[in-house]
Amino acid sequence: GDLFRGLAELLAAIRAEALPDGYAVIGDPIAHTLSPRIHGAVFNALGIAEKYSAIHVPKGKLDIFVKKIPGSGLKGFNVTIPNKKDILRHLDDIGEDARLCGAVNTVVVEDGRLLGRNTDIEGLSESLRESGRGCRRRKVVITGSGGAAGSTAFMAAREGASKITILARNLKEAEKLAAGLKALFPGVLVHAEKMEAAAMSEAACDADVLLNATPLGMEGSKENFRSFDFLKKLPAGALVYDLVYKPVRTELLRKAAEIGLAVQNGLGMLIYQGILADQIFLGRELDRPALYSAVKEEIKDDHRIKTGRD
């Protein structure tokens, strides 16, 4: 039974193709990812002939992936759901931001060592600035407790949010995240609640920014918010930001826009964190605004962006 299944899995993993050369993104689901288009556009604009691939690595299968890295032509990779926290134990070195928020989205392969960094924090910050928003002196509500929520909460606290409420189905993880933030940013009021209707409505009442850092409503995810009633409690000037970018308009954003709230999806963050990751991969400062425009131009006709489908 289990032993044979385990052996079969191991044999399949050994037989599986070698890792691609260049750079890649790992995660699950991965079919929807725009990362190869984004990094491809950056490399094109810079005149660099590098490949960027998507690799399906489900939760619990990181060991198999990491074992294949030595001797491969992989120079670096980005990490998406559900591996941003789990990757930490496989790394030889972790950057300050990644260590503080407990999540990694960019890994450099250098002399056989794996160096973990986080560009989600700055990517989200830059995309909020682009839309004329920010978290400074704002009351922020974050849904989720995974790696993306950790980066999001850290960004909000570092920007000087006055209050951060973390709502998650996993209350223990949310409380751990809140405790970590309180220790790092004693001036910010932080608390965690179970993501249930009453708590969500209460948190929404005085929120300036609501950030969804869960995969709820994402293409490939079978789950969504049970109810969107909490949106009606948000003040008229609030921003609803969904880190999800496919579909372009999640149900959360559609319902928020219907009642006149400002909405923004995660595409800007995805592009900025990608450019920031390329800075790390290439070891040099890049012209981010110019590359942001080049990427937007490159993907504007992508049917997946327009339709939210692969």
Side-chain angles (χ1 to χ4, degrees), residues 27 29 32 34 80-82 84-85 101 103 105 120-121 123-125 127-128 131 133-135 138-157 159 161 163-171 173-174 177-178 181 190-197 199-235 238-259 261-273 308:
H32 75 291
L34 275 168
T80 187
I81 289 169
K84 292 186 181 198
K85 283 183 170 180
C101 77
N105 77 317
D120 279 339
I121 299 159
L124 176 55
S125 198
S127 84
L128 278 167
S131 65
R133 298 277 183 157
C135 295
R138 305 262 190 218
K139 291 178 180 134
V140 179
V141 173
I142 293 162
T143 55
S145 60
S151 303
T152 303
F154 183 81
M155 181 278 303
E159 278 202 357
K163 178 183 172 189
I164 297 171
T165 307
I166 299 159
L167 299 158
R169 289 182 291 185
N170 185 334
L171 183 58
E173 280 295 302
L177 182 51
L181 282 179
V190 189
H191 73 282
E193 298 272 354
K194 186 115 170 117
M195 199 165 88
E196 287 170 343
M200 290 179 80
S201 290
E202 191 184 330
C205 281
D206 63 350
D208 300 302
V209 183
L210 184 140
L211 293 140
N212 174 39
T214 74
L216 294 174
M218 179 172 102
E219 188 181 310
S221 166
K222 292 175 177 64
E223 296 180 286
N224 214 327
F225 288 92
R226 286 190 187 143
S227 158
F228 294 92
D229 288 349
F230 62 93
L231 290 171
K232 296 180 189 131
K233 303 280 192 226
L234 286 164
L239 168 73
V240 178
Y241 189 113
D242 200 331
L243 270 69
V244 171
Y245 63 91
K246 282 193 65 193
V248 175
R249 278 263 162 123
T250 54
E251 205 176 339
L252 175 73
L253 293 187
R254 207 164 46 73
K255 292 207 180 311
E258 272 169 19
I259 56 174
L261 295 164
V263 297
Q264 193 175 344
N265 72 7
L267 188 60
M269 174 188 177
L270 181 79
I271 295 172
Y272 273 121
Q273 66 77 29

Apply salt bridge (charged side-chain N to carboxylate O under 4.0 Å, His left out) to [X] and list each qualifying residue two or more places apart in sequence or on a separate chain.
X      : result
Lys232 : Asp229
Arg254 : Glu258
Arg169 : Glu223
Glu173 : Lys85, Lys176

Is [Y] close to [X] at the side-chain level, that is, under 4.5 Å between some pair of heavy atoms?
X      : Y      : value
Asp120 : Leu243 : no
Met200 : Lys233 : no
Leu128 : Met155 : yes
Met218 : Pro29  : yes

Indicate yes or no for a side-chain donor-acceptor contact from Tyr241 to the backbone of Leu124 under 3.5 Å, with no hydrogens or angles considered.
no

Are any side-chain N or O atoms of Ser201 and backbone N or O atoms of Ala197, one a donor and one an acceptor, separated by less than 3.5 Å?
yes

Would you give the length of the straight line joining atom [atom1] of [X] to atom [atom2] of [Y], rounded to the nearest 0.5 angstrom?
X      : Y      : atom1 : atom2 : result
Leu231 : Leu252 : CG    : CG    : 5.5 Å
Leu267 : Lys246 : CG    : NZ    : 11.0 Å
Lys255 : Thr250 : NZ    : OG1   : 10.5 Å

Scan the side chains in residues 203-212 for donor-acceptor partners under 3.5 Å anywhere in the protein, sequence neighbours excluded, and list what turns up.
| residue | atom | partner | partner atom | Å |
| --- | --- | --- | --- | --- |
| Asp208 | OD2 | Lys139 | N | 2.7 |
| Asn212 | OD1 | Thr143 | OG1 | 2.8 |
| Asn212 | OD1 | Thr214 | N | 3.1 |
| Asn212 | OD1 | Thr214 | OG1 | 2.7 |
| Asn212 | ND2 | Thr214 | O | 3.4 |
| Asn212 | ND2 | Asp242 | OD1 | 2.9 |

Tell me, please, which residues at least two apart from [X] pass side chain to side chain donor-acceptor pair (under 3.5 Å).
X      : value
Asn224 : Glu251
Thr80  : none
Glu193 : none

What pairs meet the side-chain hydrogen bond (donor to acceptor under 3.5 Å, both in side chains) rule with one or both residues in residues 144-155, with sequence neighbours excluded?
Asn118-Ser151

Identify the two heavy atoms, one from [X] and one from [Y], that lie closest to each other, and give their separation to 0.1 Å.
X      : Y      : value
Ala238 : Arg133 : C-NH1, 4.3 Å
Leu177 : Gly150 : CD1-CA, 3.7 Å
Lys194 : Ala199 : O-CB, 3.5 Å

So, applying side-chain contact (heavy atoms from CB on, under 4.5 Å) with Val141, which one of Leu234, Ile164, Leu167, Ile166 is it?
Leu167

By side-chain contact (heavy atoms from CB on, under 4.5 Å), Ala257 pairs with (sequence neighbours left out) Arg249, Val263

Of all residues at least two apart in sequence or in a different chain, which pass the ring-ring contact (aromatic ring centres under 6.0 Å, His included) check with Phe230?
Phe225

